2 protein chains.
Amino acid sequence: MINVLFSAQPQNWADYETPLRTAFADAGLDVNLSQDHPPETVDYIVFAPNGPVTDFRPFTTTKAVMSLWAGVETVVDNATLTQPLARMVDDGLTRGMVEWVTGHSLRHHLGMDTHIHGQDGAWRNSSYPPLASDRPVTIMGLGALGQACGQMLHLLGFPVTGWSRSPKSVQNIHCLHGDDGLAAALRDAQIVILLLPQTPETENLLNAETLGLLARGAFVINPGRGPLIDDAALLAALDSGQVQHATLDVFRTEPLPKDHAYWAHPHVTVTPHIASTTRPETAARVIAKNIVRGEQGQPFLHLVDRKLGY
Amino acid sequence: MINVLFSAQPQNWADYETPLRTAFADAGLDVNLSQDHPPETVDYIVFAPNGPVTDFRPFTTTKAVMSLWAGVETVVDNATLTQPLARMVDDGLTRGMVEWVTGHSLRHHLGMDTHIHGQDGAWRNSSYPPLASDRPVTIMGLGALGQACGQMLHLLGFPVTGWSRSPKSVQNIHCLHGDDGLAAALRDAQIVILLLPQTPETENLLNAETLGLLARGAFVINPGRGPLIDDAALLAALDSGQVQHATLDVFRTEPLPKDHAYWAHPHVTVTPHIASTTRPETAARVIAKNIVRGEQGQPFLHLVDRKLGY
């Protein structure tokens, strides 16, 4: 019998209990799933950073902590966490992100807002957008999400550049990396998509200097993490026309305060951290698979490098 | 020397002259391109249905009429046209249509308008859309445009059904056809995309009865031809909630009159016949290729079946 503790918000329990039980049974695991096992009896923790467990020291025999979230920046520095920590890499989350990123990229590429807002009887047919093949896109971050979004944008015809901290080689994506590759990745980009993890190195990556490298009238799309952007610099770039529009899903403070300048800016679309989410059915299968690996003595998938922070 | 007459609007001449001359030269054709050859000297007509030529009888030695438009319903019944007529099947037009259809399908799928309109400080994060894999899409029309859009929507994960007049078999698309397949194609569809040619058989294809087959709250996207829809029936379906939103790019009368109910309806987005257009650079190459075939005695590509009307 494997004891799995579920430590997340009460509403998560309602969403996840059945999918987890189903996934464990399908994987042939004999699991006792509960929200309140005694800590010293817990084999695995299914974990959300906003759940009840914040001190991992009592979990003396726990083999791994399985995050339900892809972003682990709020737990990675927890000094009591000595157990292996796995990020969520969920096919459902990835697919949802591809849909959201592709949709908003096309929305800006096609200039949809002109028509969505302009239902006033004026027949605005004077110009066509360029084809996607003439609209360079840069994706900041080439993890599972960045790569998947890049492939779909490539299939639509966009020339796709990707930037990551360390060198990567990904088919169909012009890959650049590190400090040396940063300026080349951003220079003349017409759409920039932020899918980097939040680390001390990525904070304010998009700032006055880097925003200035983009093509004039570029679009910024941020489904990654709020601190990737220097907010004051972005607002200035929006005011000057250097950035034509920003669609932002994540913020330093969430919910974004009602009096934040982003809400009022005519060239900003705020979306409420909905770009994508872990999907219980697919995420439960990822967790079951990782527990099977742990029980068989295989290395866990999607382990977080505590030094890198993701 | 091959005499090619350019018969379209004056602004088309500005867009097409250089691309056509380049494409002819690249194809090794010795062409005299002009807007006013004497009719009896013309070998080929590059033709827009809204251009000056309406009587084809004086063009006694003309080998083919090459339409710049994909839709030929306004010329196909011209009794003076006895020469072969080729439709435009332009890679640029196809790619533009894929971008527009994919963009608006994702816009409705993701519920973007809620956020585009809702920049009022309210954090509306209560629900996620289903994944595309749970959102069935039906494409009415499986010509070059319908097939290309279907493939892209399939790659995004949507289950795609396609309907055509005559039987077709297309990978990744559940193909239905004819009167017998119509109800099955529309039943429970959540997004319907109209890419049929305009013929007597397709007029009012989307009417009170067929709209009633869709899933409640479906989305209708029409980048095809205005008369495919019974406008009164669509407005009634929008009022009842049977159709949640319609994005319409084509209309019985264009520009759509300022007092038309579509402009005022809160659940209709009118776009001004901009979904896609023939792109001069790619279209010029298609025309050059077809002239080469004609000069070599090969059958023309994309010939219109005058009885079918497309």
Side-chain angles (χ1 to χ4, degrees), chain A residues 92 95-96 98-100 102-133 151-152 155-158 247 249 254-260 262-266 268-277 279 282, chain B residues 92 95-96 98-100 102-133 151-152 155-158 247 249 254-260 262-266 268-277 279 282:
Chain A
R95 288 190 283 145
V98 169
E99 295 170 17
W100 192 90
T102 305
H104 282 280
S105 295
L106 285 170
R107 169 190 156 219
H108 291 308
H109 166 61
L110 296 168
M112 279 187 198
D113 290 19
T114 300
H115 305 293
I116 294 171
H117 289 305
Q119 295 295 301
D120 54 2
W123 190 253
R124 297 178 176 83
N125 70 336
S126 55
S127 68
Y128 287 86
L131 288 171
S133 52
Q151 296 306 331
M152 187 57 65
L155 288 170
L156 276 161
F158 292 99
T247 291
D249 189 54
E254 295 181 11
L256 186 68
K258 258 181 126 56
D259 60 354
H260 195 286
Y262 282 149
W263 281 116
H265 202 288
V268 174
T269 305
V270 173
T271 63
H273 205 141
I274 47 129
S276 192
T277 188
R279 305 277 174 163
T282 44
Chain B
R95 287 190 283 145
V98 168
E99 295 171 16
W100 191 91
T102 305
H104 282 280
S105 295
L106 285 171
R107 168 189 158 220
H108 290 309
H109 166 62
L110 296 168
M112 280 187 198
D113 290 18
T114 299
H115 304 294
I116 293 171
H117 289 305
Q119 295 296 302
D120 54 2
W123 190 253
R124 297 177 176 84
N125 70 337
S126 55
S127 68
Y128 286 86
L131 288 171
S133 51
Q151 297 305 330
M152 187 57 65
L155 288 169
L156 275 160
F158 292 99
T247 290
D249 189 54
E254 295 181 10
L256 186 68
K258 259 181 127 54
D259 60 353
H260 195 285
Y262 282 149
W263 281 117
H265 202 289
V268 173
T269 304
V270 173
T271 63
H273 204 141
I274 46 127
S276 192
T277 189
R279 306 278 173 163
T282 44

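Numbers restart at 1 for each chain; the letters A, B, ... are given by sequence-line order, proteins then strands. A quick note: this is a predicted structure, and the numbers were derived from the prediction, not measured. The figures that follow rest on heavy atoms only: side chains count, while hydrogens, waters and symmetry mates do not.
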*Going from CD on B:E99 to OG on A:S105, what distance comes out if it is rounded to the nearest 0.5 angstrom?*
11.5 Å
*If you count heavy-atom pairs under 4.5 Å with chain B, which of A:E254, A:M112, A:H265, A:R95 comes out on top?*
A:M112
*asked:* Checking side-chain polar atoms at under 3.5 Å, does A:T269 have a donor or acceptor matched by the opposite partner on A:R107?
replied: yes
_For chain A, which candidate among B:P255, B:P272, B:G118, B:P130 shows the most heavy-atom pairs at distances under 4.5 Å?_
B:P272
_Can you tell me how far apart CG (B:L155) and CG (A:L155) are? Round to the nearest 0.5 Å._
5.5 Å
*Flag the one option from A:W123, A:W100, A:Y128 with the top tally of heavy-atom pairs under 4.5 Å to chain B.*
A:W123
*Decide side-chain contact (heavy atoms from CB on, under 4.5 Å) for A:H109 and A:L106; before the verdict, give the C-alpha distance in whole Å, the side-chain angles of both, and the deciding distance to 0.1 Å.*
CA-CA 5 Å; A:H109 166 61; A:L106 285 170; 4.2 Å; yes
*Go through B:T102, B:D259, B:T247 and name the one with the most non-hydrogen pairs under 4.5 angstrom from chain A.*
B:T102
*asked:* Is A:L110 close to chain B through its backbone or its side chain, or both, or neither, when contacts mean heavy atoms under 4.5 Å?
replied: side chain
*Among A:N125, A:L131, A:L156, A:L256, single out the residue with the greatest number of heavy-atom pairs under 4.5 Å to chain B.*
A:L131
*So which of A:A122, A:P129, A:G157, A:A264 has the largest heavy-atom pair count under 4.5 angstrom toward chain B?*
A:A122
*asked:* Could you report the tightest heavy-atom contact between B:S276 and B:G92, atom names first, then the distance?
replied: OG-O, 4.2 Å
*Indicate yes or no: at least one non-hydrogen side-chain atom of B:H115 is less than 4.5 angstrom from one of A:I274.*
yes
*Scan side-chain atoms only and decide if A:R124 and A:T114 contain a donor-acceptor pair under the 3.5 Å cut-off.*
no
*Among A:V98, A:T271, A:V270, A:D120, which residue forms the greatest number of heavy-atom pairs with chain B at distances under 4.5 Å?*
A:V270
*Do you know which of A:P257, A:A132, A:G96 has the most heavy-atom pairs under 4.5 Å to chain B?*
A:A132
